[in-house]
Amino acid sequence: MNVVARRARVRVTGTVQGVGFRPYVYRLAGELSLGGYVLNDAHGVLLEVEGVSAAVDEFLARLGPDAPPLAVLERVVAEELEPGGQRTFTIRESPRGEIPDAPVAPDTATCPDCLRELFDPVDRRFRYPFINCTNCGPRFTIVRGVPYDRPSTTMAGFTMCAACRAEYEDPSDRRFHAQPNACPVCGPSLPLLDAAVTALRHGAIVAVKGIGGYHLACRADDERAVSSLRARKHREDKPFALMAPSMAVAESLVVLDDRGRELISSPARPILLAPRRPGAPVAGSVAPGAPELGVMLPYSPLHHLLLADVGETLVMTSANVSDEPIAYRDDEALERLKDIADLFLVHDRPIETRTDDSVVRAARRPMVLRRSRGYVPASVPLPGGTPLPLLACGAELKNTFCLARGTRAWVSHHIGDLQNYETLRSFTEGIEHFARLFAVEPEVVAHDLHPEYLSTKYASDLDGIELVGVQHHHAHLAACLAEHGEAGPALGAIFDGTGYGVDGTVWGGELLVGTLRDFTRVGHLLPVRLPGGDRAVREPWRMACSWLVASGIEPPAAWRQIAELARSGLSSPRTTSMGRLFDAVSALAGIRTEVNYEGQAAIELEAACDPSERGSYPIELTGAPLVIDPRETIRAVAADVRAGRTPGVIARRFHRTIARATVEACVRLADTHDIGLVVLSGGVFQSRLLLDSVWSGLAGAGLRVLVPERLPVNDGGISYGQAAIAAATL
Ligand code: ZN
Ligand code: ZN
Ligand code: FE
């Protein structure tokens, strides 16, 4: 028998805080009769174990494989120490003055253990809508400050009963140090669940207070309910998200592959965008004209009860009116939603930070299109690190901000479009909240070059801070590079709706060669006029008119005034926007001449594509910097329209044309600049069709392709790109 005593010190890094790792280590050490300690510090978890040599070996062998479900171990480094005769094992306090690396975890879907208890008639938490444990439950949305313990959460007002307190204090219990621990005796309550279930079954619209805010819910198969929700919400066309009662029901709505199943049931429980199944049992107004449906599964015990009782798929859309941010405070929700909801399903656990549902898609790789509840505030590595703590303010639309120190970046939840007071307040309060939680006192602030963005103005109003202005498309490129741990140089094809160029014009169809430090614009889409500025974004027919003028085609007589603007350039800035070219073709093909949300014309153009069509249009690549000149394309589109070709054929030919031109341009520029790495980013690449065909084409030409995965391909990723550039420049 091996009785030689050994002592080992183990450093564990990764996502190991706030995920039940210390009690897990405590239990494992106890099982193997080892002495020692475990603690959280600024680098992760530090522990020492001492005992019989074979037991220490077994401990080290099982430490990773047996770790709790939410733990992600990046590195485990063990070293031998002299044994000190320690027999007992303790959970120690964090060292004074040390800031834990990850003081707050993301909100996490109800775990299988809690779910079993929730539906177990003899469990003391049977049908309790706030059941949670160390492995699941609310985190980020309830935290008010650090250190992360009960008094600094919105659970502070609920005093644990003796039974809950005993679980909380027992290191061998699943609820050891579970800060939101509660039960029907001592915790939050939810009156009216039965009334809400009945109302929903009968076609009512119910405001449901969830984890990060209120949802508006109604039966997804009830056309009358869904269309009245649309009317009351003033949301004309934007698709509604669905919550399906089970995976089986989700699969009757959308086509899922293994990756899709994994994403939709992951602990983050995002909304998954997936191809709509023909004959999916949902009302027409759920997602008019959209080839995909956004589906999620229940993620809180309240949702599990609600969906189980109603037994039907529900529309679950963020509770707001038009462009306002999601409602999350009770008094404000009651006021703002009183004309929309027939009934309110409200509980008394306050929400501290408003957080929308995240949106993902399972393409060739998983893609996060909106990174919010379930993902935030997990840190993202910042390769190379930053010498000074910094703040990056992000873009204007789909804003996020980002704080960074050392080799970590914290990208905020989706803030929204910084175009109204409510959203600006979320932005400024959010920055203060993150700065406190993660102990970042920014000495450097990165911002967009656009002088009129509220985020830029916020940055320039700060005193005594070094400012770093970052070009929008460079930020897209850098975000993707940094996320993949690369520094460049890379060739970036960055296609989006709008971004302020270094020449003061509106960029958006950019070919850049760049690193995390700087970039050169090596190519772009042919510039045309944006007739009437921002109005051209809402009215794609204006862009159609502008492209006709640029291509030497006389626009219809009704468009004469706008054609004049396009010709004279009066209040019509120049733009190389790829998004606006898609808008123009959508309008020319008769699909969308006016939009209710940004990107709608392009989304419907993609949806219209006739998959059997194999043709494409001529397009030119000329000069240096390389100009993608689609005037021939526009003339061919106009000819197809005159010839009465279907929108589906035109849409498909156009997509194939842009994909081919992008691949050709990249191959040519990669060769000229001797670069083997291409980054595809910008909101236009939210098009599954375009991304897939460009990706295949580039890979076929032997180029390595990188696409944003963990951060949004749209402007939600800009703040992280700004942070990466500021860090590399300092
Ligand atoms: Zn649990
Ligand atoms: Zn209790
Ligand atoms: Fe952008």
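Numbering of ligands and ligand atoms starts at 1, following listing order. Nothing here was measured: the structure is a model prediction, and the numbers come from that model.
- Tyr299 carries Arg373 over the face of its six-membered ring, with the cationic atom under 6.0 Å from the centre and within 45° of the normal.
- Under 3.5 Å, the side chains of Thr576 and Glu510 contain a donor-acceptor pair of N or O atoms.
- Rounding to 10 degrees, one finds that the Zn ion (ligand 1) sits at the corner of an angle of 100° between Cys111 SG and Cys133 SG.
- Taking the Fe ion (ligand 3) as the apex, the angle formed with OD2 of Asp496 and OD1 of Asp715 is 170°, to the nearest 10 degrees.
- For Arg542 and Trp547, the positive end is not near the middle of the six-membered ring at less than 6.0 Å and at most 45° from its axis.
- Closest N/O/S atom of His476 to the Fe ion (ligand 3): NE2.
- Here the angle at the Zn ion (ligand 2) defined by SG in Cys186 and SG in Cys183 stands at 120°, rounded to 10 degrees.
- Between the side chains of Ser586 and Asp583, no donor-acceptor pair is found at a separation under 3.5 Å.
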